[in-house]
Amino acid sequence: MIDAALLRDNLEAVRTAVTNRGADLSRELDELVRLENERRRVLPELEGLKRDQNAAGDEVGKAKREGRDTSALQEASKARAQQVKQLGVELEAIEQARAQGLLAIPNIPHSGVPIGKSAADNVEVRRVGTPKTFDFTPQAHWDLGPALGIIDFERGTKIAGARFTVLVGAGARLARALINFMLDLHTRQHGYLEIEPPFMANSASMTGTGNLPKFEADLFKISGEWDLYMIPTAEVPLTNMHRGEILDGRELPIRYTAYTPCFRSEAGSYGADVRGLIRQHQFDKVELMVFTTAQESHNELERLTGNAEQVLQKLGLPYRTMLLCTGDMGFASAKTYDIEVWLPSQGVYREISSCSNTEAFQARRAQIRYRPDGTGKPEFAHTLNGSGLAVGRTLIAILENYQQADGSVVVPEALRPFMGGQEVITGR
RNA sequence: GGAGAGAUGGCCGAGUGGUCGAUGGCGGCGGUCUUGAAAACCGCAGUACCAGAAAUGGUACCGGGGGUUCGAAUCCCUCUCUCUCCGCCA
């Protein structure tokens, strides 16, 4: 949620930001400004009435104690009580519309973010590792995996439906090894605290991160009398760890990491991008999450992105890091780096991590604050999140980058301790 | 799933219709005393919104929502959560 004061004091900045994102919300913004003015007309009037009402109530109390007759006083108050009630209803309607309107406005992009319309306008900030050249035609993971008997697409579909997959044998173990490898790296070397959160979250949590109300269609909702959704990312439970809390500024930054499965319905997506393990309804991810101060948050974004990149470096996978333009960023983000891993079968870099600084956007929605130095006025925290990394896509990248002419796959050295020393994955 | 008991400020815990935003204790901050510390004593301390340049003033908040009343932490309804016992289960 953006700061309502910004709407009042610098409407044009908000308009520009929204336009740069490629969204047309001018009507919504006009309506919000109107509601804001309405609110500030009605609120003082109502508060004045309540003040009189409180004074009158005290008067009655005093009169009663002195044994005087109070019926005249009470008659007058009765009429005003009606007025208060009516005006209260009016204000309630205004505030509700205002709150809803605010929730629909995306975050303001950071000044360092390039203005652009689509992924084509993203800026490459660095490229690490050299794509390996093969003396044979590298296969895609959707051919390699089934041939090795470690990915079973058909049975995933039988059990659950399209875009569900079964990992088998070394495939399942590889996923587990990757999870352990990533968690160990982030907890032991990068200073994150490991968390195992619920894999479902309620609507208050989903609203806090910005998944609700706007993106309900992307979520799996539990049916029946449950206010529960499957989490689309560990960002949801991790951010909501401190929802409604006032943190001690001296304890910042707080850094969490968690492995969770992620569930996304993504009703809208289709096409060549979704083949194989690339886009699934359920996938594993190790997430990185930071709570910090406004002063430090952009430094933390660089750090967090670097932590995610470390995974690829240690696995020896070539990648590039992209700074997303205004038109390609997520709703809640002020600045985002995407990390893209090299996939030789397609000859492209493919997103494997997204690292975002949402600044105070989520904190404002979720009421996450801190007192600098432990005392004084609470300020909104800044929250950051990033994948460190998406496990399924990392598994794909390993299969494709480490494949050999005979269809076997070499296990990256860093992963072997997590694979019981196994060096090569061969067919059964 | 069944029965019962609860939910009050950072924490503990009073308060059952009228100066209660809320007694008291602990913890926190500032001070007195002390060479320093402790103890003791004194004082200050919640959050949000509105008006204001500010000082300050106002309104709301005693788990959430609704109701009764001139007036609700206190009475009524409802929801959520916690605890105890039973049942069921990993």
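Residue numbers begin at 1 in each chain, while the letters A, B, ... track the order of the sequences. If you're wondering where the values come from, they're calculated on a predicted model, not measured in any experiment.
Taken from NE2 in A:H190 to CG in A:D184, the straight-line distance is 12.0 Å, to the nearest 0.5 Å.
Side-chain contact between A:R393 and A:R279: present, with at least one pair of heavy atoms (C-beta onward) separated by less than 4.5 Å. Using a 4.5 Å heavy-atom cutoff, the side chains of A:Y229 and A:L212 are in contact. A:I108 places a side-chain heavy atom less than 4.5 Å from the side chain of A:L6.
The partner of B:A14 is absent, by the rule that a Watson-Crick or G-U pair needs both atom distances under 3.5 Å. Using N1 to N3 plus N6-O4 or O6-N4 for Watson-Crick, or N1-O2 and O6-N3 for G-U wobble, each under 3.5 Å, B:U82 pairs with B:A5. In this structure, B:A48 forms a base pair with B:U59, meeting either the Watson-Crick or the G-U wobble geometry with both donor-acceptor distances under 3.5 Å. Base pairing of B:A22 is not made with any nucleotide, judged by Watson-Crick or G-U wobble geometry with both donor-acceptor distances under 3.5 Å. The partner of B:A90, taking Watson-Crick or G-U wobble pairs whose two distances both stay under 3.5 Å, does not exist in any strand shown. Pairing of B:A72, defined by two Watson-Crick or G-U wobble distances under 3.5 Å, is not identified with any nucleotide. With a cut-off of 3.5 Å on both Watson-Crick or G-U wobble distances, the partner of B:A40 is given as B:U32.
For A:K78, counting side-chain heavy atoms from C-beta on, the closest listed nucleotide (B:U47, B:C70, B:C49) is B:C70. You'll find that the side chain of A:K50 is closest to B:A60, out of B:U47, B:A60, B:G57. When the nucleotides B:U68, B:C70, B:C49 are ranked by their closest atom to the side chain of A:V60, B:C70 comes out on top. Closest to the side chain of A:S77, from the set B:U68, B:G58, B:C70, is B:C70. Minimum atom distance to the side chain of A:K64 is reached by B:C70, of the listed B:C70, B:A51, B:G57.
In this entry the distance linking CG of A:L46 with P of B:G58 reads 16 Å, nearest Å. Atom CD of A:E47 and atom P of B:G52 are 13 Å apart (whole Å). When the C1' atom of B:A53 is taken as reference, atom CG of A:D9 falls 15 Å away, rounded to whole Å. Taking atom CG of residue A:L43 and atom P of nucleotide B:C49, one finds them 12 Å apart after rounding to whole Å. In this structure, the CZ atom of A:R39 is 15 Å from the P atom of B:A60, given to the nearest Å. Atom P of nucleotide B:U69 and atom CD of A:E59 are separated by 22 Å, given to the nearest angstrom. Here B:C11 presents its P atom at 14 Å from CG of A:D248, a figure rounded to the nearest Å. One can place CE of A:M1 at 13 Å from P of B:A48, the figure rounded to the nearest angstrom.
When the P atom is used for both B:G58 and B:G4, the distance is 46 Å, rounded to whole Å. Rounded to the nearest Å, the gap between the P atom of B:G27 and that of B:A40 is 9 Å. Comparing B:G18 with B:C75, their C1' atoms are spaced 15 Å from each other, to the whole Å. For the C1' atoms, the distance linking B:U19 with B:A72 amounts to 15 Å, nearest Å. Taking atom C1' in both B:G24 and B:G9, the straight-line distance is 13 Å, to the nearest Å. As rounded to the nearest Å, B:U16 and B:C11 have P atoms that lie 23 Å from one another. B:C61 and B:A7 have their C1' atoms separated by 16 Å, given to the nearest Å. The gap from the C1' atom of B:G17 to that of B:G71 amounts to 8 Å, rounded to the nearest Å.
The side chain of A:R369 contributes an N or O atom lying less than 4.0 Å from OP1 or OP2 of B:A48. A:N54 has a side-chain polar atom (N or O) that falls below the 4.0 Å cut-off from OP1 or OP2 of B:A60. OP1 or OP2 of B:U47 sits under 4.0 Å from a side-chain N or O of A:R371. Not one side-chain nitrogen or oxygen of A:R80 sits closer than 4.0 Å to the OP1 or OP2 atom of B:C70. For B:G71, neither phosphate oxygen OP1 nor OP2 lies less than 4.0 angstrom from any side-chain nitrogen or oxygen of A:K62.
Mapped onto RNA chain B by nearest heavy atom, A:E36 and A:L73 fall at different nucleotides, with A:E36 at the one closer to the 5' end. RNA chain B is contacted by both A:R8 and A:D52; A:R8 maps to the nucleotide lying nearer its 5′ end (nearest heavy atom per residue).
Salt-bridge annotation for A:R255 and A:E300: present, with a side-chain N of the basic residue lying under 4.0 Å from a carboxylate O of the acidic one. Between A:R369 and A:E379 there is no salt bridge, since no side-chain nitrogen of the basic residue lies less than 4.0 Å from a carboxylate oxygen of the acidic one.
Note on ring orientation: taking the six-membered ring where Trp is involved, the planes of A:H281 and A:F220 are perpendicular (angle over 60°, cut-offs 30° and 60°). Using the six-membered ring where Trp is involved, A:F361 and A:F331 have ring planes that are perpendicular, over 60° apart on the 30 and 60° scheme.
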